[in-house]
Amino acid sequence: MKRITTILLFFRMIFVFLSAQAQVSQTPLNIDLSAKGADIQPTMWGLFFEDINFAADGGLYAEKLKNYSFEFENPMMGWNRVEEGGANGYTYAMNYAVTTGPNKKYMQLQRLNSEGVMGLQNSGFRGIGLLEGETYRLTFRARRVSGDSQLSAQLIGQEMAVLGSAVLKQLTGEWSEYELSIACSGTAPNARFRLLIEGEGKIDVDMVSLFPYSTWKDRKRGLRRDIVQLLADMQPGFLRFPGGCIVEGFDLENRYQWKKTIGDMAGREVRINRWNTEFGHRPTPDYYQSFGIGFFEYFQLAEDIGAAPLPILSCGLACQFNSGEMVQMGDDLEPYIQDAVDLIEFANSPANTQWGAVRAEMGHPEPFNLRFIGVGNENWGPQYIERAKAFADVIKAQYPDVTIISTSGPFPEGKEFDYLWGELKKMNAEIIDEHYYRPPQWFRENASRYDKYDRSGPKVFAGEYAAQSVFTVSPDNQNNWNCALAEAAFMTGLERNADVVHMASYAPLLAHVDAWQWKPDMIWFDNLSAFGTPNYYVQKMFSTNRGSYVVPVTQANNPLAGQEDLFASAAVDIATDELIVKIVNTSPVGRTVNISLAGKYKLASRGTLIEMASDNAEDVNSIAEPKKIAPKQREFVPGKKNLLIDLKGQSFVVAKIKIQ
Ligand code: AHR
């Protein structure tokens with residue numbers, strides 16, 4: 001008897017536990033499969049790239065050495081002189097006496113004896129990440145000035161262990177390019193590189209560069225394979241580049257100028273990165289731009305990952321949070337507009353045009369198929385409108401098929417936002433870029449933001465958004481599950497309004513764990529590995545389950561946008577004949593939703609459910625636990641005319657099922 005009571009008690013406890021976990025939603029949901037809604041643009045979910053947080057140099061760009069060409073203001077930044085074991089010598093920063101390009105500085109090594117070890121050491125970008133079994137390609141320019149000394153190179157791991165080395169056999173008196181391979185015998189997250197002078201004499205060196213052979217698509221001077229893979233896995237609809245505020249510059253001199261970022265590396269002028277000095281709380285004096293990733297490489301990356309390229313250019317207004325420097329209208333603005341027109345030619349025109357020839361010369365005779373161009377980043381006021389009009393007049397006259405993206409400024413509401421939208425509507429602007437760095441609550445509350453937008457006005461590019469767990473740009477912000485879930489809730493509203501919203505991207509994209517300026521960010525990396533945040537996986541779940549057109553999900557004839565803490569959108573994918581339902585439950589309590597399906601169709605006997613969930617809204621991913629919060633997939637069995645879906649507390653679910 002006692003045993004039966006215990007068993008009954010046990011089952012009762014399970015029942016109470018399960019009821020708490022899965023409350024049946026009060027009102028059933030409906031999807032009408034015959035009510036075909038807006039087409040979802042192939043560009044709907046994309047990527048926003050900016051060189052912030054060491055995203056390019058020290059990140060995506062696989063170069064291991066910082067200040068490779070000694071062009072930083074302090075030519076020794078990133079480098080140390082090595083003089084050990086009785087060695088005696090000097091290093092001198094030199095200027096080319098006659099220079100034809102922006103690569104003005106080089107380094108002279110002088111050795112006065114043959115004892116010990118003498119040369120230069122580079123510490124990379126907060127250390128150098130080396131992998132056991134990997135081979136590294138060392139390239140440099142050098143010439144012998146006097147004596148008969150030679151150069152050698154070493155990879156130095158922990159406790160000064162030499163993990164690899166190479167010797168240059170023949171150095172001549174003329175500047176020449178050299179290339180050596182260095183096999184690495186150990187993994188080290190924080191290694192050093194040494195370029196050593198052997199024997200008495202003087203040698204000049206420049207453009208000392210170390211790359212793994214294994215890069216994305218194994219390109220020479222290529223991109224980090226692991227980071228690009230994370231981007232490619234998202235199947236992004238577009239790649240916006242190169243920013244962000246970096247486009248505008250602190251002042252106009254410092255704006256991003258695409259023509260200075262293409263061609264041979266020696267011709268790409270190294271510049272101070274605007275995020276070097278931007279935040280007093282995160283000073284990064286060693287943050288420069290080598291432009292190893294320049295506009296050609298951005299276009300190439302977009303092509304590689306199947307994304308439409310979306311370059312954004314300065315409109316002649318420097319960052320209005322900084323100097324706000326403004327070029328005068330008329331002749332002074334003309335070169336800025338010409339840059340935009342030339343960029344379209346560079347991307348799209350045949351190799352027999354001036355800029356098409358430059359692209360072909362760089363190895364891409366086929367066009368890059370540019371269809372979008374952004375004019376200005378977060379600019380505002382009548383000054384912006386005047387300049388945007390001048391750009392639009394010229395671009396549209398020459399390239400009517402290229403769609404122009406205009407900006408609504410840095411904030412998603414307020415006087416400036418309303419002014420810009422009003423003026424841009426009068427201009428018949430095509431797509432307007434909106435930015436929202438707001439608390440998670442704002443995202444939940446704005447899931448119906450676009451339900452009320454004018455259907456006949458300009459389209460929307462939700463160009464930069466991220467929920468801020470503490471406050472905007474707080475260094476304590478976290479990429480936690482609470483923020484990612486709020487973004488998912490908001491994104492159902494973007495998808496539901498796909499007739500208005502044509503593009504969306506989380507921002508910023510990348511951050512080095514030891515060298516960031518801005519938090520939160522979608523993908524984090526150190527010198528050896530990279531991981532996606534919960535926000536990344538939310539983006540990926542939307543992007544890889546996009547669908548072709550929207551079908552309405554309703555509760556009592558209203559879109560589901562927060563009732564009972566539930567948010568939903570649905571789409572049909574005509575390529576796979578699938579219904580794709582996205583549901584977000586922001587409540588900590590689990591529930592079951594019962595979705596009735598109207599329309600003529602036959603449901604498959606099984607569907608796929610992709611789920612992200614955590615009881616702990618503070619959960620984050622990390623280098624140590626890169627997939628603590630990540631999607632999990634399982635099968636589900638539908639009803640005849642309905643889907644019964646169990647939602648855990650604080651969960652985001654994508655349910656997919658074939659319909660015929
Ligand atoms: O994404 C970081 C910055 O946020 C961008 O550079 C700017 O456009 C926005 O203010």
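Counting convention: from 1, in listed order, for ligands and their atoms alike. Model, not experiment: these values are computed from the prediction.
With sequence neighbours left out, the ring-ring contact (aromatic ring centres under 6.0 Å, His included) criterion links H512 to F525. Among residues two or more places apart in sequence or in another chain, the side chain to side chain contact (heavy atoms under 4.5 Å, CB included) test is passed with S323 by F250, D251, A318, E325. Scored by the side chain to side chain contact (heavy atoms under 4.5 Å, CB included) test, Q441 finds R444, E445 as partners (sequence neighbours excluded).
When every heavy atom of G222 is checked against every heavy atom of Y61, the shortest pair comes out as O-CD1, 3.9 Å. Of all the heavy atoms in L310 and I405, the pair that sits closest is CD1-CG1, 3.9 Å.
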Enumerate the pairs of nitrogen or oxygen atoms, one from ligand 1 and one from the protein, separated by less than 3.5 angstrom; state names and distance to 0.1 Å.
residue, atom, partner, partner atom, Å
ligand 1, 1 (O), Y437, OH, 2.7
ligand 1, 1 (O), E464, OE1, 3.4
ligand 1, 4 (O), Y437, OH, 3.2
ligand 1, 4 (O), E464, OE1, 3.1
ligand 1, 6 (O), E50, OE1, 2.5
ligand 1, 6 (O), E50, OE2, 3.2
ligand 1, 6 (O), C245, N, 2.7
ligand 1, 8 (O), N377, ND2, 2.8
ligand 1, 8 (O), E378, OE2, 3.4
ligand 1, 8 (O), E464, OE1, 3.1
ligand 1, 8 (O), E464, OE2, 2.7
ligand 1, 10 (O), E378, OE1, 2.7
ligand 1, 10 (O), E378, OE2, 3.0

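Ring-plane geometry between Y436 and W442 is classed as tilted, the angle between the planes lying from 30 to 60 degrees on a 0 to 90 degree scale.
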